[in-house]
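Any value given below was found using the heavy atoms of this structure, including those in side chains, with hydrogens, waters and symmetry copies removed. Keep in mind that what you see is a predicted model, and the values were worked out from it rather than measured. Chain naming here is simple, since letters A, B, ... match the order of the sequence lines and numbering starts at 1 in each.
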Amino acid sequence: MKAVELMRNYDPKDFEERIYSEWKEKGEFSPSSSDKEHFSVVMPPPNVTGILHMGHALNNSLQDIIVRYQRMHGRPTLWVPGTDHAGIATQNVVERQLQKEGLRRQDLGREKFIERTWSVKEKHHDIIARQLEKMGCSCDWKHERFTMDEGLSRAVREAFVTLYERGLIYKGMYLVNYCPKCGTALADDEVEYENVPGKLYDVRYPYADGSGYITVATTRPETMFGDVAVAVHPDDERYKSVVGKELSLPLTDKKIPIITDRFVDMEFGTGMVKITPAHDPNDWECGKRHNLEAINLLNPDGTLNGNVPEKYRGMKAEEARALVVEDLEKGGYLVKITDHAHDVGHCYRCHTTVEPYLSEQWFVSMKSLADKALKAWKDGDIVFYPRRWENTYQHWMENIRDWCISRQLWWGHRIPVWYCQDCGKMIVSRTDPDECPECHSHSLKQDSDVLDTWFSSWLWPFSTLGWPDKTPDLEKFFPTNTLVSAYDIIFFWISRMIMASEEFLGKAPFRDIVITGLVRDIQGRKMSKSLGNGIDPIEVIDKYGADAMKFTLCYLAAQGQDVMIDMDSFRLGSRFANKIWNAARYLLMNIEGRNLVEIKREKLNVMDRWIYSRFNDSAREIADAMANYRFNESAQAIYSFFWNDFCDWYIEASKDRLFHGSDEEKDLQVSILMDILEKSMRLMHPFLSFITEEIYQKLPNHKGDVIASSYPEYDPLLDDKEAMTLVSSLQEASRVVRAARASLQIPPEKKLKVVVRIGKDNAASSFMNDELSLLSSFMNASEVIIDMEGKEDVKGALPASGIGFEAFVFVREAIDIESEIKKLEGEIEKNEKLLEGSVKKLSNEAFVSHAKPEAVEKEKSKKAEFEDKIEKAKAHIELLKSF
RNA sequence: GGAGGAUUAGCUCAGCGGGAGAGCGCUUGCCUUACAAGCAAGAUGUCACAAGUUCAAUCCUUGUAUCCUCCACCA
């Protein structure tokens with residue numbers, strides 16, 4: 001064989017891009033036609049708003065590892081990539097763009113606006129796809145989907161209409177969370193609560209008959225125009241007598257009653273609550289119980305409407321509040337203002353304060369869906385990794401609330417509902433109707449709202465495979481096997497996918513749900529755009545390579561723990577990749593003129609058997625870890641096998657036979673090295689995909705591409721306990737001698753005689769006796785004697801003991817003990833004098849109190865240094881005297 | 001108010017009933033026929049605190065403390 005030119009240094013830029021396109025061209029990412037059991041994963045679709053962040057990198061790295069691992073097990077494997085249209089988020093991006101041009105979306109009109117959004121989508125999509133490719137994701141691009149694709153849009157309509165037909169979708173006036181900035185309703189879980197300092201205003205409401213007043217507490221005095229009652233707790237003795245009396249609402253001439261309701265907390269404030277059904281969820285519920293009117297005070301843009309006195313109309317809530325408070329004070333109604341921190345809802349997209357807003361919206365009735373999803377979990381159809389997330393899942397499912405799915409946006413799936421302009425008939429249809437079934441009018445108008453983004457994402461595991469059609473893909477790859485996602489979208493997405501799958505296909509969409517941690521910065525903060533603390537995966541790849549990134553993330557991704565990283569963290573993976581590169585380079589350099597021979601078990605020596613056994617062990621560890629999605633354990637197994645066992649011990653041990661053996665021995669040695677290297681590339685490929693492919697291609701014994709090769713399986717026949725024990729004894733002996741040398745700082749060029757006293761009954765004794773030259777090189781010894789009879793003269797040698805043996809290192813040859821001791825004594829003397837001076841200085845009050853603090857500190861550290869040197873020298877002398 | 005997580009070496013974190021570990025950093029010595037992005041040796045810890053279970057506890061139970069996350073509520 002000829003040596004392989006791999007002389008250049010490790011630089012992922014030399015091959016990562018090239019290899020990716022080769023894989024892609026060869027169709028390696030498409031499922032094979034093997035008749036083994038299918039394996040499929042759907043990629044959580046990134047939003048087309050932005051570029052991928054570190055969280056995506058983590059997610060997709062883990063998916064890639066799983067997918068490559070399964071593919072190498074011969075299963076027809078499909079990983080479906082795609083993107084999400086991300087309604088609000090994307091619309092916001094485009095609106096911000098327009099804003100810069102001084103335009104509003106209304107200036108463009110719906111059609112033009114959507115056109116423009118599509119082009120933004122295209123642009124971001126291309127960036128995202130490019131990023132996934134750079135990461136090395138082995139997803140099947142032929143199966144790529146977008147949530148607003150034609151096919152997926154059809155799935156959305158099918159889902160909507162089906163649910164409607166099953167009576168699970170309804171429309172009505174409800175109090176919903178409303179973002180005035182985005183101009184749309186939000187689902188409950190799209191609201192983020194934040195504790196903010198605010199004020200609590202105590203306001204007097206006089207009795208209508210002028211017989212005095214009561215006091216209510218409120219954080220939002222400006223909503224008082226929507227008050228329809230004041231409530232007290234029915235058991236509240238203080239107010240029993242006033243229940244039923246009428247109050248006169250300040251600043252208006254409105255009369256409202258005092259009622260009782262159990263939701264009132266007697267302890268809070270005065271125990272009296274004003275009821276404003278249109279602007280508070282509790283009041284809304286209370287209002288329904290008492291049949292009270294809900295008076296909406298807001299326009300869709302968040303300003304006050306015609307239901308408030310004229311002077312406040314058109315004002316924003318905050319402005320109006322200030323003015324109302326002022327007016328209340330003037331009228332003598334304001335009792336006091338106290339500081340009051342409370343949680344205020346904000347839009348999860350634009351962070352504007354969310355208003356409870358009375359409006360007509362579409363809802364999905366969730367109870368029956370949740371029951372099925374809960375049953376799927378109880379039946380064991382889905383399993384969370386780690387298990388603890390099942391509590392969260394269960395809790396959410398058991399406390400499910402109806403899902404507001406309409407959004408007053410333009411970007412998204414139009415609600416498939418039409419209204420006849422002539423007879424008012426509502427038409428819910430899978431296809432666009434062109435005439436009213438009732439009056440045959442052609443004047444139909446589609447509902448102007450779009451659906452919540454998650455209404456398309458919750459269909460993702462099957463809509464991407466062709467549903468509602470019964471496609472071969474759906475047949476083969478549904479249900480999918482594993483879903484990898486972060487915990488922050490368990491409610492938004494994971495739970496709903498399970499509900500949709502159960503509802504529409506009667507099956508869970510996947511069995512294993514792998515919940516990853518969140519990627520945080522080194523201070524533990526969530527990476528975010530606004531903090532500017534994010535790390536761009538592409539920068540990481542440019543600096544360290546995709547392999548380094550994937551391996552590092554995998555190594556750090558312990559069972560759902562958050563991962564804290566900075567740019568430097570990726571050096572871990574980078575150094576490992578470099579190590580692999582150099583090991584391969586070295587081995588390939590030394591195959592010149594050698595032949596690959598058959599590796600017969602009986603020809604293997606103990607070291608060979610050991611490395612095979614260790615390799616086998618690692619394969620088992622990885623299989624165990626992967627079966628439980630313990631990625632960090634797999635990564636560690638690989639790391640320690642390749643670096644610590646293969647490089648540090650086996651390759652080093654092989655040098656003797658490789659450089660000094662017979663031709664036959666050399667051929668065997670090279671063959672074994674190539675065999676282990678080839679197996680290692682396969683073992684490591686899911687975790688370090690590019691470098692293993694690059695090296696694999698250059699191996700004399702490779703077959704095809706490593707991506708399409710088979711994964712090394714654990715083979716109990718290769719287990720070799722004997723070799724493991726023997727080699728660990730040899731390693732132990734080597735370490736003991738190395739440590740002894742190091743403690744005396746004997747330079748490497750001084751080679752010393754070593755006697756290893758080890759009983760005949762110890763199994764390692766004859767093995768070591770057979771491997772004298774190996775031991776010599778590990779111990780850097782001139783001569784190694786294995787003393788089984790205990791007869792060797794070890795006088796004057798430095799003893800170093802290990803488990804089951806003693807080693808004696810003849811250091812006399814390397815050092816002159818007498819003069820060494822003298823030298824050390826001289827050093828002690830010198831340092832003692834220095835120490836004395838130092839101590840004197842430091843005990844001098846004047847010095848300590850007057851000298852610069854730095855000088856005192858410096859003196860103190862000098863003193864410590866002298867003491868340390870003396871101590872060390874003394875110990876050194878003791879050591880020398882001891883032999 | 002409910003649920004969950006964290007607390008182990010200077011830093012970031014694995015581990016989890018019988019040996020306290022990794023990477024980085026640090027100290028010392030080495031350019032030893034791949035790798036200084038390396039090799040070899042080394043130091044560093046009442047495994048948060050307290051009680052209990054056990055022959056045995058970093059690991060199990062209970063409680064305490066500190067930090068974090070999620071859910072619900074807050075007039």
Side-chain angles (χ1 to χ4, degrees), chain A residues 6-7 9-10 188-189 193 195 198 200-203 216-221 223 227 230-231 263-265 268-276 280-283 286 340-344 386 388-392 394-396 399 401 487-488 490-491 517-518 520 522 524-526 544 548 552 555-566 568-569 571-590 630 632-633 635-636 639-640 643-644 647-648 651-652 655 658-659 734-749 777-778 780 872:
Chain A
L6 205 67
M7 290 309 289
N9 286 327
Y10 171 60
D188 291 335
D189 47 15
Y193 289 90
N195 197 267
L200 188 64
Y201 304 88
D202 284 11
V203 182
V216 295
T218 177
T219 52
R220 304 198 53 193
T223 63
D227 288 2
V230 164
F263 95 93
V264 179
D265 178 0
F268 191 92
T270 56
M272 289 195 140
V273 192
K274 67 191 204 61
I275 302 298
T276 324
D280 181 278
N282 275 317
D283 296 2
C286 177
H340 179 69
H342 59 152
D343 289 343
V344 176
R388 71 180 128 90
W389 289 109
E390 292 178 8
N391 291 333
T392 310
Q394 183 188 3
H395 183 262
W396 193 72
N399 294 279
R401 296 207 265 169
Y487 56 73
D488 53 353
I490 291 181
F491 305 128
L518 261 32
R520 296 173 180 278
I522 213 79
R525 299 174 306 179
K526 220 165 159 173
Y544 296 114
T552 304
Y555 191 94
L556 297 175
Q559 280 281 301
Q561 273 324 109
D562 288 352
V563 280
M564 296 202 212
I565 46 163
D566 62 7
D568 280 351
S569 308
R571 286 171 58 200
L572 168 69
S574 174
R575 290 170 63 237
F576 185 46
N578 186 57
K579 185 73 182 179
I580 295 168
W581 183 265
N582 283 307
R585 169 165 76 172
Y586 159 74
L587 294 176
L588 287 170
M589 253 162 43
N590 284 293
R630 301 165 86 95
N632 61 322
E633 288 180 15
Q636 280 168 33
Y639 188 94
S640 78
W643 199 318
N644 303 129
C647 291
D648 291 349
I651 293 182
E652 287 310 314
K655 284 178 178 170
L658 190 62
F659 296 126
S734 305
R735 282 198 199 98
V736 160
V737 173
R738 285 172 183 171
R741 290 183 56 115
S743 77
L744 288 172
Q745 300 192 359
I746 297 164
E749 62 269 22
S777 89
F778 282 153
N780 194 18
K872 276 192 176 149

Quick one: on RNA chain B, does A:Gln745 or A:Phe268 contact a more 5' nucleotide (nearest heavy atom)?
->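 In this pair, the answer is A:Gln745.
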
Nearest-nucleotide wise, let me know which of A:Pro747 and A:Met272 is further upstream toward the 5' end of RNA chain B.
->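 On the 5' side of the pair lies A:Pro747.
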
Whole angstroms only, please: what is the [atom1]-[atom2] distance between [X] and [N]?
X: A:Leu556; N: B:U12; atom1: CG; atom2: C1'; answer: 8 Å
X: A:Ile651; N: B:A40; atom1: CD1; atom2: P; answer: 12 Å
X: A:Leu518; N: B:A6; atom1: CG; atom2: C1'; answer: 15 Å
X: A:Arg741; N: B:G42; atom1: CZ; atom2: P; answer: 14 Å
X: A:Leu587; N: B:A34; atom1: CG; atom2: P; answer: 11 Å
X: A:Leu588; N: B:C35; atom1: CG; atom2: P; answer: 14 Å
X: A:Phe576; N: B:A34; atom1: CZ; atom2: C1'; answer: 15 Å
X: A:Asp568; N: B:C13; atom1: CG; atom2: P; answer: 15 Å

Under 3.5 Å, side chain of [X] to main-chain N/O of [Y], donor-acceptor pair present?
X: A:Asp562; Y: A:Leu518; answer: yes
X: A:Arg741; Y: A:Asn780; answer: yes
X: A:Asp280; Y: A:Thr276; answer: no
X: A:Asn582; Y: A:Arg585; answer: no

Return the set of residues passing ring-ring contact (aromatic ring centres under 6.0 Å, His included) with A:His342 (not counting sequence neighbours), or none when no residue passes.
->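 For A:His342 the ring-ring contact (aromatic ring centres under 6.0 Å, His included) partners, ignoring immediate neighbours, are A:His340.
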
A:Phe576: partners by ring-ring contact (aromatic ring centres under 6.0 Å, His included), with sequence neighbours left out =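 By the ring-ring contact (aromatic ring centres under 6.0 Å, His included) rule, A:Phe576 matches A:Phe551, A:Tyr639.
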
Need one value for [X]: base, sugar-phosphate or nothing, where a base atom within 4.0 Å counts as base even if backbone is also close, heavy atoms only.
X: A:Asp648; value: sugar-phosphate
X: A:Val563; value: nothing
X: A:Leu200; value: sugar-phosphate
X: A:Asn578; value: base
X: A:Ala583; value: base
X: A:Arg220; value: nothing

Counting heavy atoms from C-beta on, name the nucleotide in [options] closest to the side chain of [X].
X: A:Asn632; options: B:A14, B:A34, B:A37; value: B:A14
X: A:Met564; options: B:A14, B:U12, B:A41; value: B:U12
X: A:Arg630; options: B:A37, B:C13, B:G15; value: B:G15
X: A:Trp643; options: B:G42, B:C39, B:A34; value: B:C39
X: A:Asn582; options: B:A34, B:A3, B:A37; value: B:A34

Nearest-Å distance once atom [atom1] is located in both [N] and [M]:
N: B:U28; M: B:U33; atom1: P; value: 25 Å
N: B:A65; M: B:G29; atom1: C1'; value: 46 Å
N: B:C67; M: B:C30; atom1: C1'; value: 44 Å
N: B:C16; M: B:G5; atom1: P; value: 15 Å
N: B:A3; M: B:A14; atom1: P; value: 24 Å
N: B:C24; M: B:U66; atom1: P; value: 36 Å
N: B:C49; M: B:U7; atom1: P; value: 13 Å

Would you please name every residue forming a side-chain hydrogen bond (donor to acceptor under 3.5 Å, both in side chains) with A:Arg738, sequence neighbours left out?
->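 Expected list: none.
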
For the base of B:A34, is there a side-chain donor-acceptor partner from A:Glu652 under 3.5 Å away?
->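 Such a pair is found, so the answer is yes.
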
Just so I know, are the side chains of [X] and [Y] near enough to count as touching, which here means a heavy-atom distance under 4.5 Å?
X: A:Tyr544; Y: A:Asp568; result: yes
X: A:Lys579; Y: A:Cys647; result: yes
X: A:Tyr586; Y: A:Asn590; result: yes
X: A:Tyr555; Y: A:Val563; result: no
X: A:Trp389; Y: A:Ile490; result: yes

Which pairs, protein N/O on one side and nucleotides 67-73 of chain B N/O on the other, fall under 3.5 Å?
unit_1 : atom_1 : unit_2   : atom_2 : d
B:C73  : O3'    : A:Asn282 : ND2    : 3.3
B:C73  : N4     : A:Asp343 : OD2    : 2.8

Does B:C39 have OP1 or OP2 sitting under 4.0 Å from an N or O in the side chain of A:Lys579?
->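 The answer is yes; a side-chain N or O of A:Lys579 sits under 4.0 Å from OP1 or OP2.
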
Answer yes or no: does a side-chain N or O of A:Arg571 lie under 4.0 Å from OP1 or OP2 of B:A37?
->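 For B:A37, OP1/OP2 do not have a side-chain N/O of A:Arg571 under 4.0 Å.
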
Between the protein and nucleotides 21-23 of chain B, list every N/O to N/O distance that falls short of 3.5 Å.
unit_1 : atom_1 : unit_2   : atom_2 : d
B:A22  : O2'    : A:Tyr555 : OH     : 3.0
B:G23  : O3'    : A:Arg575 : NH1    : 3.3

Treating a pair as Watson-Crick (purine N1 to pyrimidine N3 plus N6-O4 or O6-N4) or G-U wobble (N1-O2 and O6-N3) with both distances under 3.5 Å, list the stems of 3 or more consecutive pairs that involve RNA chain B.
->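 Looking at RNA chain B, the stems formed by three or more consecutive pairs are B:1-7 with B:65-71, B:10-13 with B:21-24, B:26-30 with B:38-42, B:48-52 with B:60-64.
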
Shortest non-hydrogen contact from A:Gly573 toward A:Thr552 |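 Heavy atoms of A:Gly573 and A:Thr552 come nearest at N-OG1, 3.0 Å.
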
Classify the side-chain pair A:Asn578/A:Arg575 by whether it contains a donor and acceptor separated by less than 3.5 Å.
->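 There is no such pair (donor and acceptor under 3.5 Å, judged by atom type) between the side chains of A:Asn578 and A:Arg575.
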
